[in-house]
Number of protein chains: 2
Amino acid sequence: MARLSFREQVLRVREDAIVSSVNRLLAEKGFDSMTVDEVAADVGIAKASLYKHFASKEALAAAAMVRVLQRALKVIEEQAAIPGASAFEQLRGVTRWTLQVQLAGEMPSLPAQNSTLRATLVGDKHYIDLVMEVSERLGQWIVQAQQDGSLTTALPAEVILYTLFARACDPVLGFLKAGNQHSDAQIVDWVLSTCLDGLAARR
Amino acid sequence: MARLSFREQVLRVREDAIVSSVNRLLAEKGFDSMTVDEVAADVGIAKASLYKHFASKEALAAAAMVRVLQRALKVIEEQAAIPGASAFEQLRGVTRWTLQVQLAGEMPSLPAQNSTLRATLVGDKHYIDLVMEVSERLGQWIVQAQQDGSLTTALPAEVILYTLFARACDPVLGFLKAGNQHSDAQIVDWVLSTCLDGLAARR
DNA sequence: GTCTATAGCCAGATAGAC
DNA sequence: GTCTATCTGGCTATAGAC
């Protein structure tokens, strides 16, 4: 990778601060309720300056998604580096991380229906590439875990993949946290169990 | 119940048409993307007339939620009337209905973060009463199913209740439907299985 | 690239005639 | 209660000076 000039480094640090704010605000309020004014105020720069870095509100959201996907990929690689870990354990590790991120208020939440946002996302090659990379990595583990008998074969791998992805926006975490009765670790364990073990008793 | 005058019946029919439109638009676009103009156009009346029936956009959403909760309660009572049905089977029946409603595009979706919307909802006694009634009915079945050994006792009843409620906004249904590869019945069966049986193999 | 100031638009809500 | 027309505020995005 080419070394960056000092000026480029400053730029990158600033953009990183912007994406951090966007990420947190998206997790807190969702895309529609988040305003660009808030982002600017949170970062501590003028709104017009934001638009020098990112073309639109949608582009801000896309940048936040890219970052969280990069974090996910890093976690996947960490799991892959654990010696002797089974595919099932690796999937469980990644899923646990996803739940922890959401519970920590660091998982951006985007509306599935917003069409201009979708257009920006599917037009963002960086984002699409990351989604596909994550899907393929998880998909391989899923097939492997089905073959070694630890994941059910009653469901297509596709259904399992989507179900794992959906943990990123599972509302049960928020319900339980709102009750203020349980520790974060306990909440994560329970939701992970609902996902992997299901609600029906295992005899 | 007192008989309604003709004028009151007309009013009620009109409000029912409004709530139907709101319900469908909320399912289609979500609360933030739905506009009151759209609702008025869909019903075929002027926007100002809408505001004679409902005080705000939030009140429209609350009315839609009340209606879907009334439908849910009716389904619960139908399940309760099935002779010889176990608590587990009754819970599964209600959950299946929830998934079917969502897949049919009839489940209103509200943002969990919007504070003015939440304020309207918690201030709506009719809504709150229905939520509590549904929760209590399901809660009894959950405890019963845990006692008879069909539902896991590794999770508190509260966690199971929230997990069942969350099926009303499970994004996996939409993912699978978007793929256009599977029948609605197949999709419902799969998602119901992820919920009750989990992803891990059952030996 | 940063700022202040503002354009332009859109959506929720209302005025007032009928 | 229904309508047309309008108000009002807030939001995205940009102009233009520095």
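Proteins get letters first, then strands, A, B, ... in listed order; numbering begins at 1 in each. From a predicted model like this one, the values you see are computed outputs, not experimental measurements.
- Atoms CD and CD, on A:Gln90 and A:Glu78 in that order, are 12.0 Å from each other to the nearest 0.5 Å.
- Take B:Phe175 and apply the ring pair (Phe, Tyr, Trp, His ring centres under 6.0 Å) test, not counting sequence neighbours, and it matches A:Tyr162.
- Within the 4.5 Å cutoff, side-chain heavy atoms of B:Leu11 are placed close to those of B:Glu15.
- Side-chain contact, A:Ser49 with A:Arg14: no donor N or O sits under 3.5 Å from an acceptor N or O.
- In the region residues 110-120 of chain B, proximity to DNA chain D at under 4.0 angstrom, judged on heavy atoms, holds for none of the residues.
- Heavy atoms of other residues, nucleotides or ligands lying less than 6.0 angstrom from CZ of A:Arg118 number 12 at most.
- At least one side-chain heavy atom of B:Lys57 sits less than 4.5 Å from a side-chain heavy atom of B:Phe31.
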Going 5' to 3' along nucleotides 3-18 of chain C, which nucleotides have protein heavy atoms under 4.0 Å from the base (write B), which only from the sugar-phosphate (write S), and which from neither (write -)?
BB------SBBBB---
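- For D:dG1, neither phosphate oxygen OP1 nor OP2 lies less than 4.0 angstrom from any side-chain nitrogen or oxygen of B:Arg14.
- B:Arg7 comes within 4.0 angstrom of no nucleic acid atom, judged by non-hydrogen atoms across all strands.
- When all heavy atoms are compared, the tightest approach of B:Leu50 to B:Ala40 is CD1-N, 3.8 Å.
- One can place CG of B:Leu50 at 14 Å from P of D:dG1, the figure rounded to the nearest angstrom.
- Across all non-hydrogen atoms, the minimal contact from B:Arg167 to B:Gln102 is O-OE1, 3.5 Å.
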